[in-house]
There are 2 protein chains.
Amino acid sequence: MRPIIIGFGLMILCLLVLFKIAEVNFIKGDVKLEVIVAIAAMIFFFVGLYFNYQQGKKREEPTPQQPETGTINTIDYNQIKKLGLTQREHDVLVKMATGCSNQEIATALFLSESTIKTHVSNIFFKLDVKRRTQAVQVARELKIVV
Amino acid sequence: MRPIIIGFGLMILCLLVLFKIAEVNFIKGDVKLEVIVAIAAMIFFFVGLYFNYQQGKKREEPTPQQPETGTINTIDYNQIKKLGLTQREHDVLVKMATGCSNQEIATALFLSESTIKTHVSNIFFKLDVKRRTQAVQVARELKIVV
DNA sequence: AGAAATTTCCCACTTTAGTATGAGGTAAAA
DNA sequence: TTTTACCTCATACTAAAGTGGGAAATTTCT
């Protein structure tokens, strides 16, 4: 909740600053309206992206879960916990299973490729595999990805 | 990738339209700069939200399928033929789906790694993918591997 | 508050993957 | 008997993937 408030605070601050800059420079006639609007548009576009990203990040996960019942096409959270996979690692694993490259995963999750590589390495260790195709195969068998 | 480009195209169009409206109304002195910027910000904030939403949403394909017979976990040879995959390519694809490296596939099929690479490249072309994880994913959806 | 676990990111490498192109051999179709 | 489609293999690169070690910032737990 904190980051959202902070984010919106910064957002509003940005807006105000833009207003001021616009006002000041407008008298001088230096800055075109188009530029100001474009900048605002860009900033808020990405703010929107980031906001949504933050929202999606905070999805619940524990779900006490019962270790039985013919759960068809359902992720087995117990299995994930048993393997010691973290939330983020699972995120990466899911993306990996769809055939994304490290760079694509990084872009999708707003992270650097380095980070993805780190996660991927940890995933391989925890799943006891050597390659991503193997990881996907194992993950599918263990029902930790659909 | 196409939809993204189109999306950005529309986005830019939006921006330009906003510019024009702003220009016109600015001469009259009716619309304040703050208002224009705020509107632009709002619009692009939600564009950002929607964009991200669409990105996350698309990933699931229709999976038309099922011409007949409840073929559970069975390879669809019609699909293979339709794609123009040869026998050998299918062999390689199957091995690939189990997480084998090129070298491992080569060993398993008593071929050189070069040959496997050739087959793999052809598979990618026929499946219209760029990476092996993607190929496996697509192959699974098309039921040409179990 | 302090410790422990997560998450993020880098750098410097090593290893696989993947691309482009060419080419010899075989077997079936025209 | 050509042609055509496959299968095989190679070389030379370019591009990703994966490893190891370190480290700062956050979050979570105690």
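Quick note: numbers below take in every heavy atom, side chains included, and nothing from hydrogens, waters or symmetry partners. Chain naming here is simple, since letters A, B, ... match the order of the sequence lines and numbering starts at 1 in each.
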Check [X] against [Y] and note the closest heavy-atom contact, atom names and distance.
{"X": "A/Leu93", "Y": "A/Ala139", "value": "CD2-CB, 3.9 Å"}
{"X": "B/Ala97", "Y": "B/Val136", "value": "CA-CG2, 3.7 Å"}
{"X": "A/Val120", "Y": "A/Met96", "value": "CG2-SD, 4.2 Å"}
{"X": "B/Arg140", "Y": "B/Val146", "value": "NH1-O, 3.2 Å"}

Note to self: So, OP1 or OP2 of C/dT7: does either fall under 4.0 Å of a side-chain N or O from A/His119?
What the structure shows: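 Result: no.
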Notebook entry, point to check: Are OP1 or OP2 of C/dT7 and a side-chain N or O of A/Thr86 less than 4.0 angstrom apart?
Noted result: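 The answer is yes; a side-chain N or O of A/Thr86 sits under 4.0 Å from OP1 or OP2.
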Next item on the list: Using the test salt bridge (charged side-chain N to carboxylate O under 4.0 Å, His left out), find all partners of A/Lys126 that sit at least two apart in sequence or belong to another chain.
Entry: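 Residues passing salt bridge (charged side-chain N to carboxylate O under 4.0 Å, His left out) with A/Lys126: A/Glu89.
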Separation of atom [atom1] in [X] from atom [atom2] in [N], rounded to whole Å:
{"X": "A/Gln134", "N": "C/dT16", "atom1": "CD", "atom2": "P", "value": "13 Å"}
{"X": "B/His90", "N": "D/dA5", "atom1": "NE2", "atom2": "P", "value": "22 Å"}
{"X": "B/Gln87", "N": "D/dC6", "atom1": "CD", "atom2": "C1'", "value": "12 Å"}

Next item on the list: With a 4.0 Å heavy-atom cut-off, tell me which residues in residues 93-117 of chain B come close to DNA chain D, sorted by residue number.
Entry: B/Leu111, B/Ser112, B/Ser114, B/Thr115
Note to self: So if I take residues 120-132 of chain B and measure heavy-atom distances to DNA chain D, which residues fall below 4.0 Å?
What the structure shows: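 Residues of residues 120-132 of chain B that come under 4.0 Å of DNA chain D are, in numerical order, B/Arg131.
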Check: Pairs in or reaching into residues 93-109 of chain B: which pass salt bridge (charged side-chain N to carboxylate O under 4.0 Å, His left out), with residues at least two apart or in two chains?
Finding: A/Arg131-B/Glu104
Rounded to the nearest 0.5 Å, how far apart are [atom1] of [X] and [atom2] of [Y]?
{"X": "A/Asn102", "Y": "A/Leu111", "atom1": "CG", "atom2": "CG", "result": "11.5 Å"}
{"X": "A/Lys130", "Y": "A/Phe125", "atom1": "NZ", "atom2": "CZ", "result": "9.5 Å"}
{"X": "B/Cys100", "Y": "B/Arg132", "atom1": "SG", "atom2": "CZ", "result": "8.5 Å"}

Quick test: give all pairs of protein nitrogen or oxygen and nucleotides 28-30 of chain D nitrogen or oxygen below 3.5 Å, distance rounded to 0.1 Å.
none

Margin query: Between A/Thr133 and A/Thr118, which residue's closest nucleotide on DNA chain D lies nearer the 5′ terminus?
Written below: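 Its nucleotide being nearer the 5' end, the pick is A/Thr133.
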Next item on the list: Output all residues satisfying side-chain contact (heavy atoms from CB on, under 4.5 Å) with B/Val94, sequence neighbours left out; order by chain, then residue number.
Entry: B/His90, B/Val145
Notebook entry, point to check: Hey, are the side chains of B/Leu83 and B/Leu127 touching, using non-hydrogen atoms and a 4.5 Å cut-off?
Noted result: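 Side-chain contact under 4.5 Å: yes.
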Notebook entry, point to check: Less than 4.5 Å apart, any side-chain heavy atom of B/Leu142 and any of B/Asp76?
Noted result: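 Side-chain contact under 4.5 Å: no.
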Next item on the list: Note down the inter-axis angle between the two ends of the helix from C/dA1-D/dT30 to C/dA30-D/dT1, five pairs each, to the nearest 10°.
Entry: 50°
Note to self: Going by side chain to side chain donor-acceptor pair (under 3.5 Å), name the pairs with one or both residues in residues 114-125 of chain A, residues two or more places apart or in two chains.
What the structure shows: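 Checked against side chain to side chain donor-acceptor pair (under 3.5 Å) - neighbours excluded - the pairs reaching residues 114-125 of chain A are A/Ser112-A/Thr115.
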